There are 2 protein chains.
Amino acid sequence: MIFDAIDKKLLEYLQQDSKQTNKELSNKLNLSVTAVYERIKKLEKEGFVNKYVALVNKDQVDKSFVAFCHIKLIQHTQDYVVKFEKEVTNLNEVLECYHISGDYDYLLKVLVKDMVAFREFMVKKLTSINHIGSTHSMFVINEVKHTTAINF
Amino acid sequence: MIFDAIDKKLLEYLQQDSKQTNKELSNKLNLSVTAVYERIKKLEKEGFVNKYVALVNKDQVDKSFVAFCHIKLIQHTQDYVVKFEKEVTNLNEVLECYHISGDYDYLLKVLVKDMVAFREFMVKKLTSINHIGSTHSMFVINEVKHTTAINF
DNA sequence: ACTGAAATGTCAAGGCC
DNA sequence: GGCCTTGACATTTCAGT
């Protein structure tokens, strides 16, 4: 299918602010409202846009503590891996979980209220998952950059 | 100000899908359309909602390679830190950058097309920033979980 | 891809617990 | 203070060209 420079621009705009009206977008792109509408529908249908979401200010909802946890499993049998991934996915505090190369198997991004809550999380939730070998945590001192917008 | 159970639910819904109409939300929350509207405006005004965005499927736009880079600076003078953070923020490939505790100073999330592009990025862009001491990269094998929605 | 028109949504005003 | 109803206005959505 076609994915031209205009679609690119359109995705850029929608990644910055998805609440813009098609009219505003049509001005920026020098198109008619309907043309914009149809392009957006096409992009949604073809799977370019996964979803539209509101980004919430974590500090406002009392979740100011961010940590990254490296995790190594004891074993790497299919069983263990599937189970671990499932259990970790179900943890509300875990916003992201990546299977990665290197010394550790997984990298988790954890969001909680404070250090006390983090300790709670580690002791009661994370390490209560079986087959975890070792963990190594890093605390976020400052969020220098954080965007959901892909540049292309 | 008040931030009750309904606001909570509302934020949850908006984090899942910000394109829902107020009517749909009003049904889910057993409120009138206007009540929903006013609560949303209040949440926006009070800074609970940072922005509304479209989340783009990275694979569809040929950005399938994700890496996390640890970075250690040579020195930590105000000067070096400020400059590094600024330069890193300007790199399109860097979606996230955190100042963290531990052996390394920073953790970066980098998004590019493939391993070749990643090498390009490291050699030509990242390590051309001065005062970088050492780096350590981890490649994402699989994205097990990735959400922007905060649970509270 | 555009015009135009119907359907649907947003948002302000005034009144009621 | 928050909720509701009403109505004006804007936007989305779709048919026809």
Side-chain angles (χ1 to χ4, degrees), chain A residues 1-64 113 147-152, chain B residues 1-63 147-152:
Chain A
M1 80 149 234
I2 38 140
F3 175 63
D4 61 16
I6 298 178
D7 289 318
K8 233 173 178 174
K9 268 265 172 245
L10 187 49
L11 277 185
E12 252 173 56
Y13 291 139
L14 291 174
Q15 283 187 115
Q16 296 303 334
D17 176 11
S18 62
K19 273 279 160 75
Q20 294 171 85
T21 64
N22 292 345
K23 195 175 191 175
E24 289 173 300
L25 292 167
S26 72
N27 284 332
K28 294 183 184 170
L29 297 169
N30 276 99
L31 282 176
S32 73
V33 175
T34 313
V36 169
Y37 170 76
E38 281 164 353
R39 276 174 185 268
I40 292 177
K41 285 301 155 206
K42 187 194 66 191
L43 289 170
E44 290 170 357
K45 199 169 183 179
E46 307 268 348
F48 282 83
V49 176
N50 276 339
K51 56 193 326 202
Y52 297 93
V53 302
L55 297 181
V56 166
N57 186 340
K58 60 183 163 44
D59 297 325
Q60 281 276 39
V61 292
D62 212 18
K63 302 282 181 185
S64 297
K113 181 179 193 252
T147 181
T148 55
I150 300 171
N151 283 279
F152 28 63
Chain B
M1 80 148 236
I2 37 134
F3 176 63
D4 60 17
I6 298 178
D7 288 316
K8 235 174 178 173
K9 268 264 172 245
L10 187 49
L11 277 185
E12 254 172 55
Y13 291 140
L14 292 174
Q15 283 187 113
Q16 297 302 335
D17 176 10
S18 62
K19 273 279 161 73
Q20 294 171 87
T21 63
N22 292 345
K23 196 175 191 172
E24 289 174 299
L25 292 166
S26 73
N27 284 332
K28 293 182 186 173
L29 297 167
N30 276 99
L31 280 176
S32 74
V33 174
T34 314
V36 169
Y37 170 78
E38 282 165 353
R39 275 174 184 269
I40 292 176
K41 285 302 153 206
K42 187 194 66 191
L43 289 170
E44 290 170 355
K45 198 170 184 180
E46 307 267 348
F48 283 82
V49 176
N50 276 338
K51 56 191 331 201
Y52 297 94
V53 301
L55 297 182
V56 166
N57 186 340
K58 59 183 164 44
D59 297 325
Q60 281 277 41
V61 293
D62 212 17
K63 302 282 182 184
T147 179
T148 55
I150 300 171
N151 284 278
F152 28 63

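Every value quoted in this text rests on a predicted model; they were computed, and no experiment measured them. Residue numbering restarts at 1 for every chain, and letters A, B, ... go by the order of the sequence lines.
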Exercise. What's the spacing between Leu55(A) CG and Thr148(B) OG1 if we round to 0.5 Å?
Worked result: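 Output value for this atom pair is 5.5 Å.
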
Could you tell me the separation between the [atom1] atom of [X] and the [atom2] atom of [N], rounded to a whole number of Å?
{"X": "Phe3(B)", "N": "dG1(D)", "atom1": "CZ", "atom2": "C1'", "answer": "18 Å"}
{"X": "Gln20(B)", "N": "dT8(C)", "atom1": "CD", "atom2": "P", "answer": "18 Å"}
{"X": "Lys42(B)", "N": "dC11(C)", "atom1": "NZ", "atom2": "C1'", "answer": "17 Å"}
{"X": "Lys41(B)", "N": "dG2(D)", "atom1": "NZ", "atom2": "P", "answer": "17 Å"}
{"X": "Lys19(A)", "N": "dC11(C)", "atom1": "NZ", "atom2": "C1'", "answer": "13 Å"}

Problem set entry | Aromatic ring pairing Phe48(B)/Phe3(B), orientation class (parallel under 30°, perpendicular over 60°, tilted between) |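 It falls in the parallel class, under 30°.
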
Problem set entry | Residue pair Ile150(B) / Lys63(A): nearest heavy atoms and the distance that separates them |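 Taking Ile150(B) first and Lys63(A) second, the nearest heavy atoms are CG2-CG, 3.9 Å.
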
Problem set entry | Side chain Glu24(A), main chain Thr21(A), donor-acceptor under 3.5 Å |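 Side chain of Glu24(A) to backbone of Thr21(A): a pair is present.
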
Exercise. With distance as the sole test, does Gln16(A) use its side chain to make a donor-acceptor pair with the main-chain N or O of Tyr13(A) at under 3.5 Å?
Worked result: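 Answer holds: no.
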
For this session: Would you indicate, yes or no, if dT11(D) has its OP1 or OP2 atom less than 4.0 angstrom from a side-chain nitrogen or oxygen of Asn22(A)?
Result: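 Indeed not, no polar side-chain atom of Asn22(A) lies that close.
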
For this session: State whether Lys9(A) and Glu12(A) are salt-bridged, where the test is any N-O pair (Lys NZ or Arg NE/NH1/NH2 against Asp/Glu carboxylate O) under 4.0 Å.
Result: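 Between Glu12(A) and Lys9(A) there is a salt bridge, with a charged N closer than 4.0 Å to a carboxylate O.
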
Problem set entry | Close residues, residues 23-39 of chain B, relative to DNA chain C [heavy-atom separation under 4.0 Å] |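 Of all residues in residues 23-39 of chain B, the ones placing a heavy atom under 4.0 Å from DNA chain C are Lys23(B), Thr34(B), Tyr37(B).
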
